[in-house]
Amino acid sequence: MTEFAGRLRLGVNIDHVATVRNARGGAYPDPVRAAKLAEAAGADGITAHLREDRRHILDADIDGLMEALTVPLNFEMAATDEMQAIALRHKPHAVCIVPEKREEKTTEGGLEVAREENKLAHFIAPLREAGCRVSIFIAADRAQIEAAHRIGAEVIELHTGAYCDYHAEGRFDERDAELDRLREMSTFAHGLGLEVHAGHGLTYDTVAPIAAFPEVRELNIGHFLMGEAMFRGLEPAIKEMRDIMDKARA
Ligand code: PXP
């Protein structure tokens with residue numbers, strides 16, 4: 001059995017508060033206010049993805065988050081020069097490198113690290129020198145994990161989107177196979193000395209098996225929580241997620 005890796009952290013992704021705001025333009029609802037509420041409800045960190053097309057989070061939101069937060073900001077970004085410059089200006093606690101395509105609705109797959117090793121090693125070096133914890137968002141794939149380790153990433157975030165999609169579509173054999181892959185690859189990555197995070201598409205129905213992996217230190221959850229918050233408010237929505245995570249961990 002892998003050594004217990006400590007309390008599981010919950011990072012709340014506030015991108016979709018900005019999605020709703022941007023549907024009308026203007027200032028409401030404010031993602032920084034949502035982040036402060038999430039913090040008060042027990043979030044251990046806030047995640048925000050500044051996409052190249054600025055479809056949700058805007059540059060000013062990152063300024064606001066850096067100023068307002070007392071918990072760490074996990075700044076998600078594509079591996080571009082523009083985003084690197086923004087990250088180096090703000091020096092957030094963590095930078096998570098994600099693949100990005102303009103035509104996608106959300107981050108569809110993990111980053112291709114193995115084929116881009118040299119480029120990514122050079123890309124993340126200044127971020128690490130600036131003191132950011134660099135995380136790489138990847139599929140549960142051994143070659144990608146090994147490559148993330150070789151380029152000097154301290155953290156990997158495993159993409160749970162396929163597992164959640166299979167669950168939602170009732171494809172339970174495929175879901176369980178993906179869950180096995182995620183479990184095996186968390187153990188493998190932890191064995192290499194990487195800190196393991198996971199996220200994408202997680203809901204009250206899908207979070208427990210992932211939260212139970214002892215090697216996983218942090219889950220990043222956004223879209224489902226923001227949807228729940230519309231019906232129940234952000235605080236109860238987050239507290240229930242926290243509760244399910246803690247019970248699964250125990
Ligand atoms: N982790 C990463 C790296 C992501 O890109 C996203 C989506 O922005 C999430 C976690 C959160 O996914 P969701 O909004 O589906 O919970």
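We number each residue from 1, following the sequence as shown. Counting starts at 1 for both ligands and their atoms, following the listed order. Computed from a prediction, not measured in an experiment: that's the story for all the values here. Every heavy atom of this structure was used, including side-chain atoms; hydrogens, water molecules and symmetry mates were not.
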Looking at ligand 1, does any of its N/O atoms fall within less than 3.5 Å of an N/O of H16? no
So how far is it from D81 CG to L88 CG, rounded to the nearest 0.5 Å? 10.5 Å
Is there a polar contact, in the sense of an N or O pair closer than 3.5 Å, between C96 and ligand 1? no
Are L202 and Y163 close enough, and set up right, to give a side chain to side chain contact (heavy atoms under 4.5 Å, CB included), and what steps lead you there? CA-CA 9 Å; L202 293 169; Y163 154 72; 4.3 Å; yes
In the protein, what heavy atom is nearest to atom 5 (O) of ligand 1, and what distance, to one decimal place, separates them? E76 OE1, 2.9 Å
Between H159 and ligand 1, find which residue part has any heavy-atom pair under 4.0 Å and reply side chain, backbone, both or neither. neither
Can you list the atoms of ligand 1 that are under 4.0 Å from a heavy atom of V98? 3 (C)
Please work out which of H200, E157, M77 has its closest non-hydrogen atom nearest to atom 6 (C) of ligand 1. H200
Does atom CZ of R115 have more than 12 heavy-atom neighbours from other groups under 6.0 Å away? no
Top protein contact for atom 8 (O) of ligand 1, by heavy-atom distance: N13 ND2, 3.3 Å
Check whether any N or O atom of H49, backbone or side chain, sits under 3.5 Å from an N or O atom of ligand 1, and answer yes or no. no
Give the residue and atom name of whichever protein heavy atom lies nearest to atom 16 (O) of ligand 1, and the separation in Å to one decimal. G222 N, 2.7 Å
Quick test: of every protein heavy atom, which one is nearest to atom 14 (O) of ligand 1, and how far off is it to 0.1 Å? H223 N, 2.8 Å
Give the atom numbers and elements of ligand 1 that come within less than 4.0 Å of a heavy atom of I221. 16 (O)
Using 30° and 60° as the class limits, which term best fits the ring planes of H16 and H56: parallel, tilted or perpendicular? perpendicular
From E174 atom CD to D165 atom CG, the distance as rounded to the nearest 0.5 Å: 11.0 Å
Quick one: does F137 get an N or O within less than 3.5 Å of an N or O on ligand 1? no
T47-E76 side chain donor-acceptor pair, cut-off 3.5 Å: no
Pair H200, N220: side-chain N/O donor-acceptor within cut-off below 3.5 Å: no
Nearest heavy atom to atom 11 (C) of ligand 1 wins, so pick from D15, I138, L225, N220. N220
Taking all heavy atoms of L182 and all of A140, pick out the closest pair and write down the distance. CD2-CB, 3.8 Å
Compare all side-chain heavy atoms of D61 with those of I14 and state whether any distance is below 4.5 angstrom. no
Considering only heavy atoms of G201, which atoms of ligand 1 have at least one such atom less than 4.0 Å away? 12 (O), 13 (P), 15 (O), 16 (O)
Does anything in residues 221-233 pair up under side chain to side chain donor-acceptor pair (under 3.5 Å), and if so which pairs, sequence neighbours excluded? Y204-R232, E228-R232, R232-E240
Proximity flag F224 to ligand 1, non-hydrogen atoms under 4.0 Å: no
